[in-house]
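Remarks on the structure that follows.
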Amino acid sequence: MSEKIYALLLRLYPSGFRKAYGGEAMQLVRDRLRNETGLVRRLRLWLDLLADFAMSLPREYRYAQPMLASSSSQRRLDGVPSFHVLEDEPIGVGTLLAAVLSFLVVLGTLSIMLKHAGDHRRSSGAVMQGAPARTRWAPSPGSAGQLDGKGSHATAAVSQPSAQPAVAPSGAVASPGFVLDSAERQRVIDAAVANLKNHFFDPDGAGKIAKALLAHEKDGDYDAITDGQVFAKLLTRQMRDVGQNVDLTMEYSRAPLPDHPQAQTPEDLARYRSFLQQNQCFFKKAEILPHGVGYLKLDGFADPAVCRSTAMAAMASLNGAKAVIFDLRDNRGGDGAMGSLIAAYLFDHPQYWYSPRSAPTPQSWTQSPVPGNRLADKPVYLLTSASTWSAGEQFSYDLKMMKRATIVGETTGGGAHAGVFHRIDDHFGMGIPEVKVVNPYAKNDWEGTGVAPDVEVKAADALTAAQKLAEGKLRRSQPN
Amino acid sequence: MPKRKLDPLPSAAFQILLSLADQDLHGYGIMRHVAEQTDGRMRLGPGTLYSSIQSLLEESLIKEVDSPEDSGDQRRRCYRLTSAGLKLARSEAERLAGLLRVARAKKILRGDYV
């Protein structure tokens with residue numbers, strides 16, 4: 001019944017709109033009717049539909065009618081006489097009568113429903129109750145969307161490709177819009193082999209990996225895989241196993257990967273700078289907590305070219321602290337050079353600042369000592385969470401390995417991004433380490449494993465735990 | 001045909017762009033996500049939804065993509081954000097962030113917004 005009433009209402013829209021979207025509009029109403037049952041929800045559904053109808057119908061006619069005039073005049077410009085059938089004639093009397101009737105039926109139904117509404121307790125469940133949680137992009141090792149540190153924060157809210165299939169409202173897997181077929185698998189394998197041979201720093205390793213991938217392909221090991229994420233993960237595992245390098249990754253992105261992710265226009269840079277300045281360069285809070293413990297909440301590592309003075313001011317504001325807590329629980333990474341700049345305050349002599357992305361250069365040492373700085377010998381605590389990512393993990397990893405900080409919280413996300421990203425097509429790309437970088441501390445960096453805390457507590461409890469640790473240490477070190 | 005107005009960007013169109021930021025969706029999926037991301041305050045009806053979709057398509061801010069064959073949704077059209085759409089959504093978000101800062105500076109808002 002409801003469906004029929006809406007079908008009548010739909011007839012009032014211009015025919016162009018009906019033809020283009022009538023079927024989908026009906027489908028949407030059917031979906032809502034199916035999912036929104038019960039008196040209150042149904043009532044709300046009809047109020048929604050009527051309000052929508054009242055607002056959108058005049059707008060559609062405003063835009064639809066001039067379309068005819070402009071399309072005819074366009075034709076006449078060609079100088080060729082022609083006849084046109086006007087589809088969007090004004091609303092006919094019959095249609096108007098149908099509209100009036102359907103309105104009366106709807107209003108009558110509503111008033112009857114309202115009369116009986118008192119018999120029902122309003123259920124607390126909103127219309128969206130029972131809807132599956134919206135899938136969001138979750139950090140995964142070496143995700144393509146994060147590879148370009150610069151600007152990634154500026155776009156994080158809207159541009160991260162969703163790595164997981166969306167869940168349809170009805171609970172079925174919804175429309176990834178991309179199907180992994182044999183041609184696409186072939187393209188990815190061929191491109192992976194070519195990229196490895198051209199870019200991987202270890203030519204022997206590249207040859208072995210290529211051989212292994214082609215052998216798997218020949219054996220039909222990939223034939224049954226139709227999920228891009230599954231395919232990318234399997235290829236990543238196989239490349240790492242054979243190549244013995246944790247920074248080899250295959251990435252799948254449901255959203256199309258940008259064609260030239262590195263290209264930045266001056267406008268992009270200007271926007272990036274203003275975004276950083278508006279966000280205090282991710283220095284969210286710098287304060288002295290009770291007992292003289294300094295606290296710095298840093299949610300990202302911004303480009304020092306823009307944010308050096310902000311960083312210096314923040315560190316200077318903590319100069320009187322007896323211990324320092326760096327809160328990296330919401331730190332999603334960024335520019336590793338900012339990590340080195342901050343770390344300079346924690347040493348009285350230059351320290352090698354290891355990055356899995358680049359071989360040592362003169363800039364790989366911290367600019368210590370910093371004149372006037374008094375933090376070089378103060379205890380340091382880092383708060384981490386499973387979301388601490390990329391450059392945030394580098395900061396944690398290096399200070400942990402140098403035993404310069406105590407990590408309090410959770411194991412970090414595990415994204416080193418040491419590979420250079422190579423786009424294969426709209427949905428696949430791969431990270432390949434192009435230079436051999438010696439890790440002075442261990443065989444592997446934190447790619448895929450994260451940085452483990454020294455003191456494991458839930459992220460939410462990390463600040464309290466670190467404060468206790470710092471206060472305890474300060475008490476013990478005070479001369480009696 | 002006169003352009004449908006997207007300047008200033010209507011709230012419904014902005015919400016649709018946001019809903020498509022991380023996944024492709026069909027019309028009902030967009031409606032659900034918009035309701036979810038506005039805590040139920042905005043429930044797009046079919047007229048407003050498809051009228052906005054039409055404007056966004058005309059401006060190439062979104063594009064139609066095929067539904068997957070295996071979901072039983074062949075009849076449905078799905079929509080995907082284009083790079084122009086992403087750019088517009090970003091600049092709108094930045095404009096709103098600017099407004100929030102003013103509101104905070106005028107002490108209308110308290111706390112750590114933005």
Side-chain angles (χ1 to χ4, degrees), chain A residues 6 10 13 17 20-21 23-29 31-32 44 48-49 51-53 55-57 59-60 62-63 66-67 70-71 126-128 131 134-137 154-155 157-162 166 168-169 172-179 226 254-256 258 271 274-275 278-279 284, chain B residues 1-5 17-33 35-37 39-40 43-55 65-73 75-83 85-86 89-91 93-94 97-98 101 112 114:
Chain A
Y6 188 75
L10 198 60
Y13 283 93
F17 182 83
Y21 298 107
E24 290 197 55
M26 275 313 298
Q27 184 61 48
L28 190 145
V29 171
D31 286 336
R32 286 196 68 176
R44 185 157 74 173
D48 281 354
L49 290 179
D52 174 59
F53 180 77
M55 281 192 300
S56 64
L57 188 68
R59 195 170 46 219
E60 280 311 310
R62 199 165 75 230
Y63 289 115
M67 178 171 68
S70 61
S71 81
V127 69
M128 287 301 129
R134 183 180 178 193
T135 52
R136 286 202 169 272
W137 180 84
T155 60
V158 285
S159 73
Q160 296 300 355
S162 171
V173 175
S175 47
F178 162 77
V179 179
T226 53
R254 263 190 70 233
R271 201 161 43 229
S274 94
F275 178 83
Q278 286 163 11
N279 286 280
K284 290 292 170 182
Chain B
M1 175 172 180
K3 294 277 183 195
R4 283 154 197 267
K5 284 203 169 68
L17 292 178
L18 287 181
S19 74
L20 293 172
D22 52 3
Q23 60 200 306
D24 304 338
L25 292 169
H26 51 59
Y28 184 53
I30 293 175
M31 182 244 140
R32 297 287 295 244
H33 276 92
E36 200 176 315
Q37 72 204 12
D39 292 329
R43 292 184 303 276
L44 292 175
T48 309
L49 176 70
Y50 287 106
S51 159
S52 305
I53 283 179
Q54 200 171 5
S55 322
V65 290
D66 291 335
S67 289
E69 288 165 6
D70 56 352
S71 74
D73 276 348
R75 285 174 296 110
R76 295 193 172 186
R77 278 177 274 186
C78 279
Y79 302 94
R80 176 178 293 169
L81 198 62
T82 64
S83 55
L86 173 62
R90 192 182 298 156
S91 69
E94 282 167 1
R101 271 191 303 282
D112 289 335
V114 185

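Lettering of chains follows the sequences in order, A, B, ..., and the numbering in each one begins at 1. This is a predicted model, so every value here is computed, not measured.
With 3.5 Å as the limit, one finds no donor-acceptor pair spanning the side chains of A:S56 and B:Y50. For B:S19 and B:Q37, the side-chain atoms include no donor-acceptor pair closer than 3.5 Å.
Only the side chain of A:L49 comes within contact range of chain B, judged by heavy atoms closer than 4.5 Å. Contacts of B:T48 with chain A are made by both backbone and side-chain atoms, with heavy-atom separations under 4.5 Å. Heavy atoms of A:F53 lying under 4.5 Å from chain B are absent altogether. For A:A51, no part lies under 4.5 angstrom from a heavy atom of chain B.
Looking at B:R32 and A:D31, no side-chain N of the basic residue comes within less than 4.0 Å of a carboxylate O on the acidic one, giving no salt bridge.
A donor-acceptor pair is defined here as one N or O able to donate and one able to accept, closer than 3.5 Å; such a pair exists between the side chain of A:D52 and the backbone of B:G47.
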